[in-house]
There are 2 protein chains.
Amino acid sequence: MRDTNRTWLLAQRPDGRPDEESFEFVERDVPEPGDDEVLVRTLYMSVDPYMRGRMRDAESYADPWEVGDPMQAGVVGEVVESNHPRWSEGDVVTGNLHWADYSVAGGHRLVGVDPDVAPVSTALGVLGMPGRTAYFGLLDVGEPKPGDTVVVSGGAGAVGSVVGQIAKEAGCRVVGVAGAPEKTEWLTDELGFDAALNYKEDDVHGALREAAPDGVDVYFDNVGGPVTDAVFRELNVRSRVVVCGQIALYNATEVPTGPRKLTQLIQTRARVEGVLVSDYEDRFDEATERLARWVGDGTVQYRETTTEGLENAPDAFLGLFDGVNVGKQVVQVAERD
Amino acid sequence: MRDTNRTWLLAQRPDGRPDEESFEFVERDVPEPGDDEVLVRTLYMSVDPYMRGRMRDAESYADPWEVGDPMQAGVVGEVVESNHPRWSEGDVVTGNLHWADYSVAGGHRLVGVDPDVAPVSTALGVLGMPGRTAYFGLLDVGEPKPGDTVVVSGGAGAVGSVVGQIAKEAGCRVVGVAGAPEKTEWLTDELGFDAALNYKEDDVHGALREAAPDGVDVYFDNVGGPVTDAVFRELNVRSRVVVCGQIALYNATEVPTGPRKLTQLIQTRARVEGVLVSDYEDRFDEATERLARWVGDGTVQYRETTTEGLENAPDAFLGLFDGVNVGKQVVQVAERD
């Protein structure tokens, strides 16, 4: 066990793309758990695009992070010391904790992770928040029907790759949009997507018309920007657009502009709706159990891109905006004992 | 009875705002009805913003009008000659006919108008397509709940003025956006809107924050553009945006651009959906009967702006884009016998 607690703080609010000035790496004392609290040693921490929003000082669905406070993340860790009746030393748990070697949390804020089901890191990915986002966003908001054409941007990401596989299971034709040949090949050759476009190389609109000759019934959008503009042109009557992420816009320094789209919604009566996984908190178990079964029987495959070392967490986070990751990006902070 | 049939043709597709070159006024023979057809003498014809879309050569929910063909419109007229068992000379009917003194139509394509219920021109407005659009758009797509704040752009128009009054009846706080003091005063002083903003004079976003201090639960959009941008900034969590019209954009010569809005949809999980009244064809009677009752008991008031003379129909149409009309814009072509 380390005798200090390395911790990443939000050093200042980024203007545009975060950089090294945005983060500060400090060494602190390992905290002590109080009543009903648990000390957790981080094994894996998650970096996710939504974190960019929390670094901003703006109203949103959650309060912004304060400058000088630790950066927060989904963490999978091992209980080191427990003052909570539910947890014992050695338990593997997950929760929203810190970019740090250790975090203290109220025991009720943690969820157990069963290491026998799948590698524990999956609690941050396919069996965690991204997997559940895919599940509820596609099934509850997107409402796919067999025979529908489903297009997913960020198709090789932690959410998109699961969306596409669930859509295949639901009987849909699935087209993924991604930004590298390695990714599009993964989608078509391993995950069973019917087609995949490389938005960095293809004429997206033209390629989409070929890949989705009957138009688009469900568009699951993780990206926004010009890819989304192209897909909107192919929306079918009564189609559904699930707005899950807009990573192409998160580092913008001015209000991003683009073609106005509402007239198309009159023409198509498409429904455009945002999804936020926390709205489905009372149904998390449903999603997690279903996803675990699908992972177990091979229906849903996953990949993780693992960055080694807490010191590299900011780089792993920034890599998301460059599309470095295939599947879920995690940071391995320590090995299990 | 006239012995010629004055008719407006689509002379050429407009590039931007239609002008006198877009229309051609010709004199033709009065047509003769064939089997099961009816000859209708136009009393009133409607001009509506959607017609701008039909003048365009682009895919939409309906086929574009052909150059050289008569312009089409909702018409209220009198049966002059009938070869259809349902209709007799002197019946007042409505249907989608021509910008002309006379039209011939299959009898099954006409709907009867009862002159005892309300002035027959209302079959083009509050008891016609605009009234039904308001009814289904607000109630089925907007899903207002008592206590909701409903904002309607084009609030003094044929659709918007009805939307606001139905929303009041549904127990909502109603804010109208319009473009002239005469209009905003009508909305607040006569129709019972809680507030009305003049987008040509007020700082719309600031005025909206005052008029809708609890945010916006339903936005019924007839206009688009900067007014819509301002309202989107005030959308509440799980709010609904009904996209009915985008008149501010219809004459654009290039793809209109504006602030991208999808990130706000993640933050709010607002649902944005287009409405097209023809989707509700099997429920038209429900809407018409309800609206007739509301008009009868004063729950829903209406105004019409009447332009005299078929020769002035293009001016009446173009006036829509300048907001000349208060309430429903109609053209009176002839008096009832």
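Letters A, B, ... mirror the listed sequences (proteins, then strands); counts begin at 1. Excluded from the calculations below are hydrogen atoms, water molecules and symmetry mates; all remaining heavy atoms, backbone and side chain alike, are included. Predicted model, so just to flag it, every value in this text is computed and none were measured.
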Engineer: Check for a donor-acceptor pair, side chain of B:Arg260 on one end and backbone N or O of A:Thr257 on the other, with a separation under 3.5 Å.
Structural biologist: yes

Engineer: For B:Arg238 and A:Glu273, which heavy atoms make the closest approach, and how far apart are they?
Structural biologist: NH1-OE2, 3.6 Å

Engineer: Just checking A:Glu286: does its CD atom have more than 12 heavy atoms from other residues, nucleotides or ligands closer to it than 6.0 angstrom?
Structural biologist: yes

Engineer: Does A:Asp69 have more than 12 heavy atoms from other residues, nucleotides or ligands lying within 6.0 Å of its CG?
Structural biologist: yes

Engineer: Hey, which of B:Thr268, B:Thr263, B:Val255 has the most heavy atom pairs under 4.5 Å with chain A?
Structural biologist: B:Thr263

Engineer: Using a 6.0 Å cut-off, check whether atom CD of A:Glu143 has over 12 heavy atoms from anything other than its own residue.
Structural biologist: yes

Engineer: For A:Tyr250, is it the side chain, the backbone, both, or neither that has a heavy atom closer than 4.5 Å to a heavy atom of chain B?
Structural biologist: side chain

Engineer: Take a 6.0 Å sphere around CG of A:Asp63 and say whether it holds more than 12 heavy atoms from other residues, nucleotides or ligands.
Structural biologist: no

Engineer: So if I take each residue of residues 150-159 of chain B and look for any heavy atom under 4.5 Å from a heavy atom in chain A, which residues do I end up with?
Structural biologist: none

Engineer: Quick one: does A:Arg271's side chain get under 4.5 Å of B:Arg271's, heavy atoms only?
Structural biologist: yes

Engineer: Measuring from B:Gln264:CD to A:Gln246:CD, what's the distance to the nearest 0.5 Å?
Structural biologist: 10.5 Å

Engineer: Please flag which part of A:Val243 lies under 4.5 Å from any non-hydrogen atom of chain B: side chain, backbone, both or neither.
Structural biologist: both

Engineer: Can you say whether A:Leu249 sits under 4.5 Å from chain B via the side chain, the backbone, both, or neither, judging by heavy atoms?
Structural biologist: side chain

Engineer: Under a 4.5 Å cutoff for heavy-atom pairs, which residue among A:Cys244, A:Pro259, A:Pro256, A:Gly53 has the most contacts with chain B?
Structural biologist: A:Pro256

Engineer: Return yes when atom CG of B:Asn251 has more than 12 non-hydrogen atoms of other residues, nucleotides or ligands closer than 6.0 Å, and no otherwise.
Structural biologist: yes

Engineer: With a 4.5 angstrom heavy-atom cut-off, could you sort out which part of A:Arg240 is near chain B: side chain, backbone, both or neither?
Structural biologist: neither

Engineer: Using a 4.5 Å heavy-atom cutoff, which residues in residues 224-235 of chain B come close to chain A?
Structural biologist: B:Gly225, B:Pro226, B:Thr228, B:Asp229, B:Phe232

Engineer: With a 4.5 Å heavy-atom cut-off, do B:Val275 and A:Ile266 have their side chains touching?
Structural biologist: no

